[in-house]
Amino acid sequence: MELPSLVLISRQDAIMREMDVTANNIANINTTGFKKSGVIFEDYMTETQPGETVDFVIDSGSYRDFSAGPILRTGNELDVALEGDGYLPVQTPNGTMYTRAGAFQLNAEGEIVTASGYQVMSADGSPIVIPPEATDIQIDKEGTIRTNQGEAGRLQAMTFKQEQKMEEYGNGLYRTNEPGTPSETTRIVQGSLEKSNVEPVVEMTRIIEVLRSYQSVGKVLDAENERQRNAIRILGKTTI
């Protein structure tokens with residue numbers, strides 16, 4: 001394959017990667033606590049001969065935008081949103097993970113769990129159990145959970161120095177091997193949920209731009225292929 005085709009294909013691959021990431025953002029517009037992602041590209045220039053260079057596009061990774069999403073008031077006593085940085089620890093079959101998707105509920109044992117059924121952990125690392133006879137669940141800004149039966153535990157947001165390295169696991173969960181640090185500034189908002197930080201209009205506009213770029217590169221690639229076919233045909237006739 002000739003160099004012009006390789007350059008075009010490198011751009012097409014990069015555009016496809018951006019389209020996938022943008023489509024995933026759009027698919028999670030309504031996912032509680034979701035953080036949108038973007039793609040990082042690098043241009044790699046190489047000199048093919050003195051005075052001439054070609055420009056390859058390299059997909060060097062992605063990043064997550066950790067800006068806060070809007071907080072939606074729900075009024076549900078077990079819904080919580082985080083004001084500030086951090087994530088709440090959750091116990092899963094694959095170890096401790098972290099979430100900002102605070103649509104919690106009670107399981108059959110009276111434990112506070114995520115929408116997927118994973119235990120939400122208290123500041124002391126234990127499950128939070130609401131006694132069956134308890135009523136009037138109140139969660140203050142520091143995360144302390146109280147009922148008419150007394151204190152039941154405390155939610156503790158954890159922060160991470162290498163937040164970009166946290167791996168998205170699905171269902172609003174993230175995992176990392178880095179030990180978390182308790183946040184002293186994050187506030188718990190009861191009866192509310194943090195919505196996705198995806199801006200629908202921005203992402204839809206972006207995917208249209210990406211699609212147009214892909215189509216444009218495809219046309220150039222088709223033209224280049226046609227040029228090569230014509231060159232081969234002409235050279236073949238000349239040889240005969």
Novice: What is the distance from atom CZ of R206 to atom CG of N25, rounded to the nearest 0.5 Å?
Specialist: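 That separation rounds to 11.5 Å.
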
Novice: Is it true that a side-chain atom of E111 and a backbone atom of Q119 form a donor plus acceptor pair closer than 3.5 Å?
Specialist: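 Checking the backbone N and O of Q119 against the side chain of E111, no donor-acceptor pair under 3.5 Å is found.
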
Novice: In terms of hydrophobic clusters joined by side-chain contacts under 4.5 Å, are L106 and F104 together?
Specialist: yes

Novice: Measure the spacing between CZ of R154 and CG of D124 and express it to the nearest 0.5 Å.
Specialist: 9.0 Å

Novice: Could you go step by step and tell me if D85 and T186 meet the side chain to side chain donor-acceptor pair (under 3.5 Å) rule?
Specialist: CA-CA 6 Å; D85 297 333; T186 303; over 6 Å; no

Novice: With heavy-atom distances below 4.5 Å as the criterion, would you say the side chains of I112 and I145 are in contact?
Specialist: yes

Novice: Just by distance, do the side chain of T92 and the backbone of G95 share a donor-acceptor pair under 3.5 Å?
Specialist: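 Pair found, side chain donor or acceptor close to backbone of G95.
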
Novice: Does a side-chain N-to-carboxylate-O contact under 4.0 Å join R212 and E209?
Specialist: no

Novice: What is the distance from atom CZ of R175 to atom OH of Y98, rounded to the nearest 0.5 Å?
Specialist: 13.0 Å

Novice: Would M19 and I26 show up in the same hydrophobic cluster when neighbours are defined by side-chain heavy atoms closer than 4.5 Å?
Specialist: yes

Novice: Measure across D140 and R146 and return the closest heavy-atom pair with its distance rounded to 0.1 Å.
Specialist: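 Residues D140 and R146, closest heavy atoms: OD2-NH1, 3.1 Å.
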
Novice: Under 6.0 Å between the ring centres of Y174 and Y169?
Specialist: no

Novice: Would E199 and K36 pass as an ion pair if we require N to O under 4.0 Å?
Specialist: yes

Novice: Could you check whether any side-chain heavy atom of S122 comes within less than 4.5 Å of a side-chain heavy atom of Q156, counting everything from C-beta outward?
Specialist: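 No, every pair of side-chain atoms sits at 4.5 Å or beyond.
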
Novice: Taking the side chain from T147 and the backbone from D136, do they hold a donor-acceptor pair closer than 3.5 Å?
Specialist: no

Novice: Take atom CG of N230 as the centre, draw a 6.0 Å sphere, and report whether it contains more than 12 heavy atoms from other residues, nucleotides or ligands.
Specialist: yes

Novice: Before accepting this row, confirm whether a basic side-chain N of the pair E167/R64 lies closer than 4.0 Å to the acidic partner's carboxylate O.
Specialist: no

Novice: Any link between L82 and L78 through a network of hydrophobic side chains (Ile, Leu, Val, Met, Phe, Trp, Tyr) touching at under 4.5 Å?
Specialist: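 Linked within one cluster.
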
Novice: When rounded to the nearest 0.5 angstrom, what distance separates CD in E203 from CG in N24?
Specialist: 10.0 Å

Novice: Calculate, to the nearest 0.5 Å, the distance between atoms OG1 and CG belonging to T114 and N107 respectively.
Specialist: 10.0 Å

Novice: Report yes or no: does N197 contribute a side-chain atom to a donor-acceptor pair with the main-chain N or O of D65 at less than 3.5 Å?
Specialist: yes

Novice: I need the E178 CD to Q162 CD distance, nearest 0.5 Å.
Specialist: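 E178 CD to Q162 CD: 5.0 Å, rounded to 0.5 Å.
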
Novice: In terms of hydrophobic clustering (I, L, V, M, F, W, Y; side-chain heavy atoms under 4.5 Å; direct or indirect links), are L88 and I137 co-clustered?
Specialist: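 The answer is yes; both residues are in one hydrophobic cluster.
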
Novice: I want to check something: taking the side chain as every heavy atom from C-beta on, are V120 and L155 in contact at a cut-off of under 4.5 Å?
Specialist: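 Result yes, sub-4.5 Å side-chain heavy-atom pair found.
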
Novice: Around atom CD of E151, are there more than 12 heavy atoms from other residues, nucleotides or ligands closer than 6.0 Å?
Specialist: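 Result for CD/E151: enclosed.
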
Novice: Would you call the rings of Y87 and F160 parallel, tilted or perpendicular if under 30° counts as parallel and over 60° as perpendicular?
Specialist: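 Judged by the thresholds at 30° and 60°, the geometry between Y87 and F160 is tilted.
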
Novice: Applying the side chain to side chain contact (heavy atoms under 4.5 Å, CB included) criterion to V39, which one of I15, V210, T22, V21 satisfies it?
Specialist: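 Single pass found, and it is V21.
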
Novice: Got a donor-acceptor contact below 3.5 angstrom from the K35 side chain to the S196 backbone?
Specialist: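 Flag not set: sc K35 to bb S196 has no pair under 3.5 Å.
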
